[in-house]
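Have a look at the structure below, then the notes.
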Amino acid sequence: MFDEIFAFIKSLYPTQKTISLHEPRFWGHEKEYVNQAIDSTFVSSVGEYVNKFESMLAKKLGVPDGHVSAVANGTCALHAALYAVGVKSGDLVITQPLTFIATCNAIKYLGAEPLFIDVDRDTLGLSPLKLAEFLETKCRKSPEGCMHKDSGKKIKACVPMHTFGHAVLIDQLIEICASFGIPIVEDAAESLGSKYKGKDLGTFGDLGVFSFNGNKIVTTGGGGAIYSRDINMAKRVKHLTTTAKIPHPWAFDHDEMGFNYRMPNLNAALGCAQLEQLDGFLDSKRKIAEKYKDFFTTCYKDRIEFVTESKDCQSNYWLNTILLKNKSERDNFLQASHKAGIFCRPVWNLMTETVIYQDCIKENIQVSQELRDRVVNLPSSVTIPN
Ligand SMILES: *Cc1c(COP(=O)(O)O)cnc(C)c1O
C-alpha cells in the first residue's frame, strides 16, 4: 500500500539492508581526538577538549565564548538550567504536552510540576496565542512573580521545545513571557544548527539547552550543553554544574550544593570531531528533507502531508516528519514500514497521558492530541555527500 514510499526511502539509503531512524556518522577526526584524550590521561571532568568543545559550540551558535557549559546529557542540562532560574518545590513550569519525557522530568526533579499548554499545528511547538490567552485569563502578576489563580502556585519558568528541529515562534513567546516576568528555558535538544529569523535556536531564551545523545544531529556519546544569555548566569551555571567547587590549585571547598554534571573530556573529544562536521551534516539533512518534500508533493499527496519548516525557520530537519490521515492509517504505515525493514516511529505519547504527569494542570490540548495520532518520523540519517 505504501510500497512506493519504502522504495523511495531505500533509494535514499541504498547501501543499508535495514534502515534505522537516525544513526550517528563518524567520518571525521573522532578516533584521533578520542585517542589523544586517552593518551593525555585526562579522560574525565578536566581536560582541554571540554574547553575546546564549549568554545567551538559557542562559535557555531554565534554567541561569545564563556556563555556555554558542556554537561553530561540534555536531561541534566534542563535540570541545572531550571535550578539556576530558581524553580523550586511547589512551583509550576509551563511546557507542551508534545515533547520528550526529559523536559517534564527535569521540572519534576525540582519538586515543581509541569503545566501544559497546547502546540501549534504548523510549528509542532508551544502556541504563543494559547499561552497568551492562558496567562491573561488564568494568571495574575504579583510582586513575587506570575501567579496561577486556581492553584495559587507560582509560574516560575516556561520551557518551549523545538520539535524535530522546527522552530517554535520563539520571539512571540519571549515577548509574552517577558510581560509576565517568566524566564524562558529553551529546550533546543533536537534543534542544534536550526535558525529562526537567522539566529540559532537555543540562543533566544534566558537559557537554552542542547543534547548530544547518540541519536541527535551531533553526538558526544552522551552529552548536553547549557547556553546562558547573561554572563553572570553563565558563570553560575558553570559553577553549579561543576559541584560548586571554589577554584583553587589544591584546596577543596564548595560554596553551595552543586551538581557533578560536567561533560567528561573523552566525550568532548568525540564532540569536537563531530562539531567540525556539523555544517556538512546540516547540508546533507536539508538535502534529504528537500527530496522527501519533492516526493510527497507528487506522490501520496492526498493521503500524506510532509511537515516543512515554517516561514522564518531554517530547520536542521533532525527527524523528517509526515502526517497521516488518522491513527489507523498511521498504524498501517508503521506496520508496513517495519515489515519492509525501515524503522519509522510515531511521536511520543503525550505527557498529559503518562502515569507520571496525567494529573498535572492542562489547558485544551486538542492539537497535540491530533498530532499524537498522525505523526510519523522517517529515516533521517546523514548521507554521504554526492
Ligand atoms: C534528547 C532530548 C532531551 C535530552 O536528552 P538526553 O538524552 O538526556 O541528552 C531533552 N529534550 C528533548 C526534547 C529531547 O529530544
Side-chain angles (χ1 to χ4, degrees), residues 21-24 53 57 68-83 87 93-110 114 116-117 119 123-126 157-168 170 173 184-194 201-202 204-205 207-227 241 259-264 266-268 270-271 274-275 285 307 315-321 345-352 354 356-357 368 371-372 375 377 380-381:
L21 189 69
H22 200 287
E23 290 173 359
F53 182 77
L57 184 59
V68 174
S69 290
V71 296
N73 57 59
T75 308
C76 72
L78 280 165
H79 180 215
L82 290 168
Y83 184 87
V87 173
V93 175
I94 295 171
T95 191
Q96 56 203 57
L98 192 82
T99 187
F100 178 54
I101 195 122
T103 318
C104 296
N105 285 348
I107 296 165
K108 189 87 175 167
Y109 294 160
L110 292 161
F116 297 103
I117 305 282
V119 297
T123 66
L124 315 176
L126 193 63
C158 175
V159 190
M161 195 278 281
H162 304 291
T163 309
F164 309 139
H166 298 301
V168 299
I170 186 69
L173 294 178
I184 288 193
V185 174
E186 258 180 288
D187 186 343
E190 305 182 354
S191 54
L192 177 66
S194 298
L201 295 186
F204 284 84
L207 289 94
V209 162
F210 298 90
S211 165
F212 310 108
N213 190 37
N215 63 349
K216 298 289 168 29
I217 186 165
V218 154
T219 186
T220 59
I226 304 163
Y227 161 77
T241 53
F259 304 102
N260 178 19
Y261 280 174
R262 185 97 164 134
M263 179 186 283
L266 211 49
N267 299 78
L270 192 71
Q274 286 270 292
L275 276 185
K285 290 180 76 68
V307 177
S315 177
N316 68 4
Y317 283 98
W318 173 54
L319 293 182
N320 287 285
T321 303
R345 193 178 83 173
V347 73
W348 318 278
N349 194 13
L350 297 185
M351 292 302 110
T352 43
T354 60
I356 327 166
Y357 302 112
S368 300
L371 291 169
R372 171 205 60 203
V375 163
N377 293 130
S380 301
S381 306

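As the structure lists them, so they are numbered: ligands from 1, and atoms in each ligand from 1.
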Checklist outcome for this item: of all protein heavy atoms, closest to atom 2 (C) of ligand 1 is Lys216 NZ, 2.8 Å

Checklist entry - Hey, mind stepping through Asn215 and Leu21 against side chain to side chain contact (heavy atoms under 4.5 Å, CB included) and telling me if it holds? => result CA-CA 9 Å; Asn215 63 349; Leu21 189 69; over 6 Å; no

Checklist entry - With only distance considered, is Glu190 within less than 3.5 Å of ligand 1 through an N or O on each side? => result yes

Checklist entry - Which is closest to atom 10 (C) of ligand 1 in terms of heavy atoms, Ala189, Ala188, Cys76? => result Ala189

Item to check | Main-chain N/O of Ala268 paired with Thr220 side-chain donor or acceptor, under 3.5 Å | outcome: no

Checklist entry - So is Asp187 polar-close to ligand 1, meaning N/O to N/O under 3.5 Å? => result yes

Item to check | Best match, Gly224, Ser211, Gly223: closest heavy atom to atom 5 (O) of ligand 1 | outcome: Ser211

Checklist entry - Are any of the N/O atoms in Phe100 less than 3.5 Å from those in ligand 1? => result no

Checklist entry - Short list, please: which atoms of ligand 1 are under 4.0 Å from a heavy atom of Met161? => result 13 (C)

Item to check | Residue and atom name of the nearest protein heavy atom (relative to atom 8 (O) of ligand 1), distance in Å to one decimal | outcome: Thr75 OG1, 2.5 Å

Next on the checklist: Treating Tyr227 as the side-chain partner and Gly205 as the backbone partner, does any N or O pair qualify as donor plus acceptor under 3.5 Å?
Outcome noted: no

Next on the checklist: Is the ring pair His22/Trp318 parallel, tilted or perpendicular, if the boundaries are 30 and 60 degrees?
Outcome noted: tilted

Next on the checklist: Please report whether the ring centroid of Tyr83 lies less than 6.0 Å from that of Tyr261.
Outcome noted: no

Next on the checklist: Quick check for you: to the nearest 0.5 Å, what is the distance between Thr219 atom OG1 and Leu192 atom CG?
Outcome noted: 11.5 Å

Next on the checklist: The criterion is side chain to side chain donor-acceptor pair (under 3.5 Å); which residues satisfy it with Thr321, sequence neighbours excluded?
Outcome noted: Asn377

Checklist entry - Which of the atoms of ligand 1 are close to Gly74, meaning less than 4.0 Å from one of its heavy atoms? => result 4 (C), 6 (P), 8 (O), 9 (O)

Checklist entry - So, is Thr99 polar-close to ligand 1, with some N/O to N/O distance under 3.5 Å? => result no

Next on the checklist: For Asn260, is the CG atom crowded, meaning more than 12 foreign heavy atoms sit under 6.0 Å from it?
Outcome noted: no

Next on the checklist: Show me which atoms of ligand 1 lie under 4.0 Å from any heavy atom of Ala102.
Outcome noted: 10 (C)

